[in-house]
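What follows is one structure encoded as structure tokens, with my remarks underneath.
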Amino acid sequence: MKQEEFTPMFMMLMISMIFSLILLLISTMTSKNMPEPEKMSVYECGFDPLKTPRLPFSMKFFLMGMLFLMFDLEISYIFPWCTTMKEMKWTSFMTMILFMMMLTLGFMYEWLKEGLEWE
Amino acid sequence: MMIKTMQTIMTFLPMLLTVAFLTLMERKMLATSQMRKGPNIVGFYGLLQPMADAMKLMMKEANKPNKTNSLLFTLSPMMSMSMALTTWSLIPLHNKSPQSDTSMSMIMMLALSSLSVYTILLTGWASNSKYSLLGSMRATAQMMSYEMSIGLMMLCVMYLSSSLSLSTITESQMNIWFLMPLFPAFTMLLMSSLAETNRTPFDLTESESELVSGFNVEYSATLFTLLFLAEYTNILLMSAILSMLFLGSTTMNNTSTPMMLATKMLTITYMFMWARATYPRTRYDQLMHLVWKSYLPMSLSLTMLIPSIMIFFHCSP
């Protein structure tokens, strides 16, 4: 792995940051800002916001996040494996199949326990 | 170094122009499908409409609501914009572009596109409004779930090309496009990318009847422009990835031109807009059932089936 491979990436990151900064600068210089209390208030369908909008956490989303983490780890585990398809031997193949079978069993358990239901 | 800088700038500016004209194309397309004319006043047949829109958005008052986390509020649209454009720097537009020798561009691309989830979460949280918080939570769950299935379906292509570099993947499609053997993966990936970019059949993050505008209710002026640009850049990015993975190489008659890639990309982008003009919005539980109960089992079995076929019949490429 060479280091120059990622030069375009960092450059693009810098250029786009600078670009958005310039845009912000232009807009702060050209637009006139006249804040009013009504205009400054948070959008809430015509009435004043009653309580803080920071909601308590939803357990459902947390569960989804955990499931995602599991499967995404698995994917990042398979990615390097799948580039070696040319030199693949039976042992390495069977090991990965066993690993994926275990994951699928876990997924089926999740399904049967109705962890994927969404009301 | 100098040449690379110049080449990077040369990819950056056309990207912005493409995104600008993509909005015009979408408006024209939607108008045509609804028997309207669309924007046709500014410039020649409305060709300068994106410029006028950009000017208008820049001149608007930058409103910053009360009690927002102002640092995150300004930083997260900038982050989302630069994430989208940085991912673009990994796409080899033609064989000799500086991006073409990145050997693990697929992994980098997945990593960067999962970072864009964070920007949406931050956007929703920082703007201190219930609508935007709900919208961003929906967007996060949706994008996470679909990203997983996208990763699994990209694996199918990786098996056949046995490489993580996008230019090698396109070169390995010289004989046959991966669209033919992997058609189910292509269709699922197309629909998942609709959901990943929060496009219309799955745009529950900004469903107007429930959440007004989703995670970007509180944004105005330049910050909104940045969010908007990031959304359209992501659409173009997804269609570029799709066309590189499935729709063959960028070479034609031994000459490599970016025009090939551009044509294929525009075809897929057209499909995105077509879907917007055609389909009504889905319900949230339908969306989640689609990814967890149909796409995930399908893509899991595809990731096991394809290497098994290749090993059993000794036909690894």
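Naming: A, B, ... by sequence-line order, numbering from 1 per chain. All figures in this text were calculated on a predicted structure; none of them were measured in a lab.
Within residues 98-106 of chain A, the residues having any heavy atom closer than 4.5 Å to a heavy atom of chain B are Met100(A), Met101(A), Thr104(A), listed by residue number.
Put simply, CZ on Phe19(A) and CG on Leu226(B) are 7.0 Å apart, with the number rounded to the nearest 0.5 Å. To the nearest 0.5 Å, atoms OG (Ser162(B)) and CH2 (Trp81(A)) are separated by 12.0 Å. For the atom pair OG of Ser76(A) and CG of Leu110(B), the computed distance is 9.5 Å after rounding to the nearest 0.5 Å. Atom CE of Met153(B) is separated from atom CD1 of Ile75(A) by 9.5 Å, given to the nearest 0.5 angstrom. Considering OG1 of Thr86(B) and CG of Leu13(A), their distance stands at 4.0 Å, rounded to 0.5 Å. In this structure, NZ on Lys60(B) lies 13.0 Å from OG on Ser27(A), to the nearest 0.5 angstrom.
Comparing Leu23(A), Leu21(A), Asp72(A) by how many heavy-atom pairs each has under 4.5 Å with chain B, the most go to Leu23(A). Listed options Thr74(B), Thr87(B), Leu296(B), Leu112(B) were ranked by heavy-atom pairs under 4.5 angstrom with chain A; first place goes to Leu296(B). Counting heavy-atom pairs closer than 4.5 Å to chain A, the top residue among Ser114(B), Pro297(B), Pro77(B) is Pro297(B). The residue among Met106(B), Met15(B), Met148(B), His289(B) with the most heavy atom pairs within less than 4.5 Å of chain A is Met148(B). The candidate from Ala84(B), Ala111(B), Ala141(B), Pro307(B) with the greatest count of non-hydrogen atom pairs under 4.5 Å with chain A is Pro307(B). Contact count against chain A (heavy-atom pairs under 4.5 Å) is highest for Met304(B) among Met304(B), Met288(B), Met59(B).
Met12(A) and Leu85(B) get closest at one heavy-atom pair: CG-O, 3.3 Å. Shown here for Trp292(B) and Trp111(A), the closest heavy-atom pair between the two residues is O-CZ3, 4.5 Å.
For Thr303(B), the parts lying near chain A are the backbone and the side chain together; criterion is any non-hydrogen pair under 4.5 Å. For chain A, the nearby part of Leu16(B) is the side chain; its heavy atoms alone come within less than 4.5 Å. Heavy-atom distances place no part of Glu110(A) under 4.5 Å from chain B, backbone and side chain included. Only the side chain of Ile26(A) comes within contact range of chain B, with heavy atoms under 4.5 Å apart. Looking at Ile107(B), only its side chain comes within 4.5 Å of chain A, counting heavy atoms on both sides. Looking at Phe10(A), there are no atoms closer than 4.5 Å to chain B (heavy atoms on both sides), in backbone or side chain.
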#### Entry: Audit row: Thr83(A), Met158(B), side chain to side chain contact (heavy atoms under 4.5 Å, CB included) steps and yes/no
CA-CA 7 Å; Thr83(A) 54; Met158(B) 305 302 131; 5.7 Å; no

### Query
Does the side chain to side chain contact (heavy atoms under 4.5 Å, CB included) test come out yes or no for Phe93(A) and Ser308(B), once each step is laid out?
CA-CA 8 Å; Phe93(A) 174 69; Ser308(B) 318; 3.7 Å; yes

### Worked verdict on Phe68(A) versus Val117(B) for side chain to side chain contact (heavy atoms under 4.5 Å, CB included)
CA-CA 13 Å; Phe68(A) 160 75; Val117(B) 177; over 6 Å; no

### Message
I'd like to know whether Leu24(A) forms a side chain to side chain contact (heavy atoms under 4.5 Å, CB included) with Met58(B), so could you lay out the CA-CA distance, the side-chain angles of the two residues, the decisive distance to 0.1 Å, and finally the verdict.
### Response
CA-CA 8 Å; Leu24(A) 271 180; Met58(B) 302 280 278; over 6 Å; no

